[in-house]
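To start, the structure itself, in structure tokens.
Below, each value reflects all heavy atoms present in this structure, side chains not excepted, and no hydrogens, waters or symmetry copies.
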Amino acid sequence: MHRRVAGIAAAWMLCASAAFAQQDAAGYPSRPVRVIVDVAPGGGVDTATRLVAAKLEQSLGQPFVVENRPGAAGSIGAEVVYTAEPDGYTLLASSPSPLAINQWLYKKLSYDPAGFQPIAMMSRIPNVLVVRKDFPAKTVQEAIAWLKANPGKASFASQGVGTASHLTGAMLMKLTGTSMVHVPYKGTAPILTDIIAGHIDMTFIQVSNASVMHEAGRARILALATDRRLDFLPDIPTLAEIGLPISTDTWNAISAPPKTSPAIVARLNAAVNWALKQPDVRERLQALKAIVGGDNGPEEAATFVEKERRLWGELVRAAGLEPQ
């Protein structure tokens with residue numbers, strides 16, 4: 001008898017909990033929402049977030065206030081959201097670093113990357129292999145052959161140790177059995193300056209930064225580190241086409257703290273996807289050469305982030321980096 005009563009009570013509590021969650025979502029949001037961006041203002045993640053936040057305010061009726069918290073490879077902003085109340089009023093808009101990369105680079109983090117609840121993918125910008133305009137190779141195959149014949153003579157630049165550009169270059173060397181001198185920079189701008197000047201041989205950077213140089217003939221894009229060709233660069237092959245399974249897009253996602261109500265996550269997912277389908281938002285993001293989201297559910301977003309987490313772990317190991 002006691003077991004039967006206990007079972008009925010447990011079932012009632014489960015139903016009540018689900019009902020309360022639905023009720024919370026129905027009234028959500030009832031006050032302004034903070035959206036913490038893990039990078040400085042002005043980049044692709046920040047731009048996408050501000051465009052989406054404006055549309056969320058329009059569709060959900062409350063301000064979505066964007067707040068930049070850069071530093072420590074995104075960990076500062078991630079910690080703010082991870083420790084926030086799981087009520088949907090503090091969200092994280094991030095690059096891959098806090099969700100998929102940092103756990104492989106640092107022994108201790110103030111948050112569990114796997115604990116976040118991904119809401120939706122906003123956009124992704126492919127990385128591309130760029131060489132100086134007079135580099136002695138016209139194709140990726142020729143470049144690899146040259147690197148094999150001249151071990152250690154070429155330089156490749158990155159945006160810093162442990163960044164996507166560094167890890168992608170390390171994977172290229174591992175898969176092709178080549179060696180280059182790694183030159184870490186602080187950010188993208190000095191890389192662009194030096195590759196135009198011919199001071200470095202190659203780099204992996206976002207196509208939004210590389211396409212202008214390529215079109216002007218000041219540097220050359222040899223390949224795409226993404227899963228398919230791009231409409232605006234139809235003649236540039238992917239690395240996968242020549243047998244190198246390297247795909248390292250720079251993506252951005254919106255996530256919630258652990259234990260956020262699934263109903264709130266679903267409501268936000270629908271609103272974010274709607275925002276990304278608006279013509280003015282798509283136009284702005286496509287001008288940045290971004291592949292725009294808007295068609296994924298929370299489960300798909302979570303699966304994507306987990307897959308990326310495994311990928312970046314492989315890339316960190318390929319680079320020979322030890323957690324600090």
| Under 4.5 Å between any side-chain heavy atoms of L51 and L285, yes or no? | yes

| request: Starting at CD1 of I242, measure out to CG of L222 and round the result to the nearest 0.5 Å. | output: 9.5 Å

| Is P96 close to W251 at the side-chain level, that is, under 4.5 Å between some pair of heavy atoms? | yes

| message | Applying the side chain to side chain contact (heavy atoms under 4.5 Å, CB included) criterion to R69, which one of V39, I36, V37, V81 satisfies it? | response | I36

| remark: For A40 and N68, the nearest pair of non-hydrogen atoms, with its separation, is C-ND2, 3.6 Å

| task | Determine yes or no for a side-chain-to-main-chain donor-acceptor pair under 3.5 angstrom, with Y82 supplying the side chain and F116 the backbone. | result | no

| Side-chain donor/acceptor of N273 to backbone N/O of N296, under 3.5 Å | yes

| request: Would you tell me whether N127 and D249 have side-chain atoms, one donor and one acceptor, within less than 3.5 Å of each other? | output: no

| said: Working note: K133 + M213, criterion side-chain contact (heavy atoms from CB on, under 4.5 Å); need CA distance, chi angles, decisive distance, verdict. | reply: CA-CA 9 Å; K133 63 181 180 182; M213 296 189 305; over 6 Å; no

| Would you say the side-chain atoms of D134 pair up with the backbone N or O of G198, donor to acceptor, closer than 3.5 Å? | no

| query | In Å, rounded to the nearest 0.5 Å, how long is the span from OG1 of T176 to CD of Q141? | reply | 12.0 Å

| field | Any donor-acceptor pair under 3.5 Å from N150 side chain to W146 backbone | value | yes

| Just checking, any donor-acceptor pair under 3.5 angstrom between side chains of D194 and Y185? | yes

| Rounded to the nearest 0.5 Å, how far does OG1 of T248 lie from CD of E308? | 8.5 Å

| task | Could you check I200 against R132 for side-chain contact (heavy atoms from CB on, under 4.5 Å), going step by step and ending with a plain yes or no? | result | CA-CA 7 Å; I200 55 174; R132 55 181 167 85; over 6 Å; no

| message | Could you tell me if the side chain of Q159 sits less than 4.5 Å from the side chain of T203, heavy atoms only? | response | no

| field | Closest approach of G88 to L91 (non-hydrogen atoms, all atoms of both residues) | value | O-CD2, 3.9 Å

| said: With heavy-atom distances below 4.5 Å as the criterion, would you say the side chains of L92 and I254 are in contact? | reply: no

| request: Tell me, with the steps shown, if V35 and V65 meet side-chain contact (heavy atoms from CB on, under 4.5 Å). | output: CA-CA 6 Å; V35 184; V65 182; over 6 Å; no

| field | Any side-chain donor near an acceptor of the partner, D38 and S95, under 3.5 Å | value | yes

| query | Is there side-chain contact between W104 and E322, with heavy atoms separated by less than 4.5 Å? | reply | no

| request: Could you check K55 against E57 for salt bridge (charged side-chain N to carboxylate O under 4.0 Å, His left out), going step by step and ending with a plain yes or no? | output: CA-CA 5 Å; K55 294 298 182 182; E57 179 173 350; over 6 Å; no

| request: Nearest 0.5 Å please: distance from the CE atom of M171 over to the CG atom of L167. | output: 9.0 Å

| Checking S155 side chain against D201 main chain: does a donor-acceptor pair fall under 3.5 Å? | yes

| R309 side chain to Q103 side chain, donor-acceptor N/O pair below 3.5 angstrom | yes

| Between I236 and V207, is there a shared hydrophobic cluster once you connect ILVMFWY residues whose side-chain heavy atoms come closer than 4.5 Å? | yes

| request: Any chance you could measure W274, atom CH2, to L60, atom CG, to the nearest 0.5 Å? | output: 9.0 Å

| message | Tell me whether L239 shares a hydrophobic cluster with I205, the cluster being built from Ile, Leu, Val, Met, Phe, Trp, Tyr side chains joined at under 4.5 Å. | response | no

| For the atom pair CD1 (I119) and CG (L268), what is the distance rounded to the nearest 0.5 Å? | 4.5 Å

| field | Test item: N102 side-chain N/O and A73 main-chain N/O as donor-acceptor pair under 3.5 Å | value | yes

| field | Ring-face cation of R34 near Y89 (centre distance under 6.0 Å, axis angle within 45°) | value | no

| query | Are L147 and V181 linked, directly or through other ILVMFWY residues, by side chains that come within less than 4.5 angstrom of each other? | reply | no

| query | Run the salt bridge (charged side-chain N to carboxylate O under 4.0 Å, His left out) check on D87 and R31 step by step: do they pass? | reply | CA-CA 11 Å; D87 54 11; R31 64 178 191 269; 3.3 Å; yes

| said: Checking the side chain of R229 only, and the main-chain atoms of P234 only, is there a donor and an acceptor separated by less than 3.5 Å? | reply: yes

| said: Could you tell me if the side chain of N209 sits less than 4.5 Å from the side chain of Q206, heavy atoms only? | reply: yes

| For the residue pair I76 and A72, what are the closest heavy atoms and their distance? | CG1-CB, 4.0 Å

| Are more than 12 heavy atoms from other residues, nucleotides or ligands located less than 6.0 Å from atom CG of D280? | yes

| request: Answer yes if M173 and I246 sit in the same cluster of Ile, Leu, Val, Met, Phe, Trp and Tyr residues linked by side chain heavy atoms under 4.5 Å apart, and no otherwise. | output: yes

| message | Is the distance from the ring center of F156 to that of F204 below 6.0 Å? | response | no

| message | Main chain of S158, side chain of H166: is a donor-acceptor contact present, judged purely on distance under 3.5 Å? | response | no

| query | Between the main-chain N or O of I291 and the side-chain N or O of S123, is there a donor-acceptor pair closer than 3.5 Å? | reply | no

| task | Considering non-hydrogen atoms only, spot the tightest contact between F135 and M202 and give its length. | result | CZ-CE, 3.7 Å

| message | Contact between L276 and V52 at the side-chain level, heavy atoms closer than 4.5 Å - yes or no? | response | yes

| message | Can you confirm whether T90 sits close enough to E85 that some side-chain heavy atom of one is under 4.5 Å from a side-chain heavy atom of the other? | response | no

| Taking all non-hydrogen atoms of both residues, which atom of P86 and which atom of P258 are closest, and how far apart? | CB-O, 3.1 Å

| task | Decide yes or no on side-chain contact (heavy atoms from CB on, under 4.5 Å) for E300 and T303, but give the supporting numbers first. | result | CA-CA 5 Å; E300 293 171 291; T303 299; 5.6 Å; no

| request: Is it possible for you to say whether Y28 and V265 belong to one hydrophobic cluster, with membership spreading through side-chain heavy-atom contacts below 4.5 Å? | output: yes

| request: Would you kindly say whether T83 and Y111 are connected by a side-chain donor-acceptor distance under 3.5 Å? | output: no

| Is there a donor-acceptor contact under 3.5 Å from the side chain of Q117 to the main chain of G115? | no

| field | Heavy-atom pair of closest approach, residues G160 and P184 | value | CA-CB, 4.2 Å

| message | Counting only heavy atoms not in E283 (residues, nucleotides, ligands), do more than 12 fall under 6.0 Å from its CD? | response | no

